[in-house]
Amino acid sequence: ILNHHRIKEKRDQFNKRFDLTVAYFDELFLGGLTPDFECTASIFYEDVKNEIQLLLNAAKENPRLAIIFKSKYVKNTILKLIKLDQDLKDLYNPEQIFDMVEHSSINSRNIISPAEVGSVVDICIGNSWGGTACYEAAYVGCRAVLIKSTLSVYEKYLPKNILFNSLGDV
């Protein structure tokens with residue numbers, strides 16, 4: 001479901017202040033600051049933290065770059081992770097780093113859709129293990145790249161300009 005009013009509002013807000021907007025779709029992770037033994041996690045917190053640090057550093061070096069984080073679950077929003085991790089807190093700039101999150105009334109999901117985020121940003125980044133968030137954003141016209149997880153049977157079908165070994169390679 002697309003909230004067209006919020007899409008227009010966010011797009012206008014970001015276009016006035018930034019030359020490039022990048023969305024990052026997270027995956028469930030194991031370990032870290034909020035232990036969760038979810039059996040479907042495909043990545044460790046340390047790996048997620050490294051990717052987040054790369055994005056926060058890129059924003060720090062480029063004042064006209066906005067990074068928008070869209071977590072699948074409200075417990076993993078970027079603002080919650082930043083509050084719990086001093087390394088991330090040191091890099092965080094609230095003028096450039098944004099969370100797109102709306103709590104579900106029935107479960108722990110973030111009900112803002114990847115398509116809505118894709119309608120706001122210039123490019124989105126996700127993990128190939130699930131990849132559905134980036135596919136959904138691409139469906140509404142957003143450019144999308146995927147970070148190789150080696151857990152997806154679809155990786156062999158993705159072109160090199162979409163699938164990358166690491167966020168640092170993007």
Side-chain angles (χ1 to χ4, degrees), residues 1-29 32-34 36 43 45 48-85 87-147 161-164 167 170:
I1 300 173
L2 297 178
N3 181 327
H4 295 285
H5 174 72
R6 182 169 43 217
I7 290 170
K8 181 180 179 344
E9 181 181 285
K10 291 291 184 188
R11 191 180 308 133
D12 290 347
Q13 172 192 357
F14 294 140
N15 285 341
K16 285 178 187 173
R17 297 177 49 206
F18 303 104
D19 295 330
L20 181 65
T21 53
V22 176
Y24 177 79
F25 298 121
D26 74 350
E27 290 288 334
L28 285 175
F29 56 81
L33 305 166
T34 55
D36 184 359
I43 191 168
Y45 173 74
V48 171
K49 179 179 174 177
N50 182 54
E51 289 182 354
I52 292 170
Q53 286 176 307
L54 285 171
L55 292 167
L56 296 178
N57 274 316
K60 190 174 186 176
E61 293 172 12
N62 301 285
R64 301 282 300 160
L65 170 65
I67 309 290
I68 293 85
F69 288 86
K70 193 279 187 201
S71 60
K72 187 174 189 175
Y73 297 96
V74 294
K75 67 182 178 181
N76 290 342
T77 66
I78 188 62
L79 296 180
K80 287 185 180 184
L81 295 178
I82 285 170
K83 285 179 185 175
L84 296 171
D85 190 306
D87 294 334
L88 298 179
K89 194 181 294 184
D90 291 343
L91 294 171
Y92 174 62
N93 177 353
E95 299 297 316
Q96 286 180 273
I97 310 303
F98 304 91
D99 242 342
M100 286 192 71
V101 61
E102 184 175 328
H103 298 258
S104 167
S105 62
I106 59 170
N107 60 30
S108 63
R109 299 288 295 253
N110 177 0
I111 61 171
I112 291 181
S113 72
E116 187 172 328
V117 175
S119 297
V120 171
V121 303
D122 298 308
I123 190 166
C124 61
I125 300 167
N127 185 295
S128 69
W129 183 59
T132 56
C134 276
Y135 299 147
E136 190 177 327
Y139 183 76
V140 296
C142 185
R143 292 177 289 169
V145 295
L146 295 165
I147 308 304
N161 66 335
I162 292 177
L163 183 66
F164 293 86
L167 184 58
V170 175

Could you pull out the closest heavy-atom pair between [X] and [Y], with the gap in Å?
X    : Y    : value
A133 : P114 : O-CB, 3.3 Å
I52  : F69  : CG1-CE2, 4.0 Å
L2   : I7   : CB-CD1, 4.1 Å
S113 : E136 : CB-OE2, 3.5 Å
V140 : A115 : CG2-O, 3.4 Å
Y73  : S71  : O-OG, 3.0 Å

Restricting to side-chain contact (heavy atoms from CB on, under 4.5 Å), what partner residues turn up for A137, sequence neighbours left out?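 Only F25, C124, C142 meet the side-chain contact (heavy atoms from CB on, under 4.5 Å) criterion with A137.
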Please enumerate all residues that pass side-chain contact (heavy atoms from CB on, under 4.5 Å) together with V170, with sequence neighbours excluded.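 By the side-chain contact (heavy atoms from CB on, under 4.5 Å) rule, V170 matches V145, I147, F164, L167.
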Would you give the length of the straight line joining atom [atom1] of [X] to atom [atom2] of [Y], rounded to the nearest 0.5 angstrom?
X    : Y    : atom1 : atom2 : result
D90  : D85  : CG    : CG    : 9.0 Å
L88  : I78  : CG    : CD1   : 6.0 Å
D99  : N76  : CG    : CG    : 10.5 Å
E116 : I111 : CD    : CD1   : 9.5 Å
T132 : N127 : OG1   : CG    : 10.5 Å

May I ask you to test the [X]-[Y] pair for a side-chain heavy-atom distance under 4.5 Å?
X    : Y    : result
R143 : D122 : yes
T21  : V120 : no
I68  : F14  : yes

Looking at residues at least two apart in the chain, or sitting in another chain, which of them share a side chain to side chain donor-acceptor pair (under 3.5 Å) with N62?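 Not a single residue meets the side chain to side chain donor-acceptor pair (under 3.5 Å) criterion with N62.
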Test side-chain contact (heavy atoms from CB on, under 4.5 Å) applied to C134 and I125, I123, L146, the passing residue: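 Considering I125, I123, L146, a side-chain contact (heavy atoms from CB on, under 4.5 Å) with C134 is found only for L146.
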Can you tell me if R17 uses its side chain to pair, donor with acceptor, with the backbone of E95 under 3.5 Å?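 Confirmed, R17 side chain pairs with E95 backbone.
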Give a yes or no on whether the backbone of A23 and the side-chain of K70 come within a donor-acceptor separation of less than 3.5 Å.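 Not a single qualifying donor-acceptor pair exists.
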Given salt bridge (charged side-chain N to carboxylate O under 4.0 Å, His left out), test K8 with D12 step by step and report yes or no. CA-CA 6 Å; K8 181 180 179 344; D12 290 347; 2.7 Å; yes
Test of understanding: with salt bridge (charged side-chain N to carboxylate O under 4.0 Å, His left out), list the residues that count as partners of K10, not counting sequence neighbours.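 Partners of K10 by the salt bridge (charged side-chain N to carboxylate O under 4.0 Å, His left out) criterion come out as none, since no residue qualifies.
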Any pair with a residue in residues 100-110 that passes side chain to side chain donor-acceptor pair (under 3.5 Å), sequence neighbours left out, goes on the list, sorted by first then second residue, please.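 Listed once each, the pairs are R6-E102, S104-N107.
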Please set out all donor-acceptor pairs under 3.5 angstrom arising from side-chain atoms of residues 54-61, sequence neighbours excluded.
residue	atom	partner	partner atom	Å
N57	ND2	Q53	O	3.2

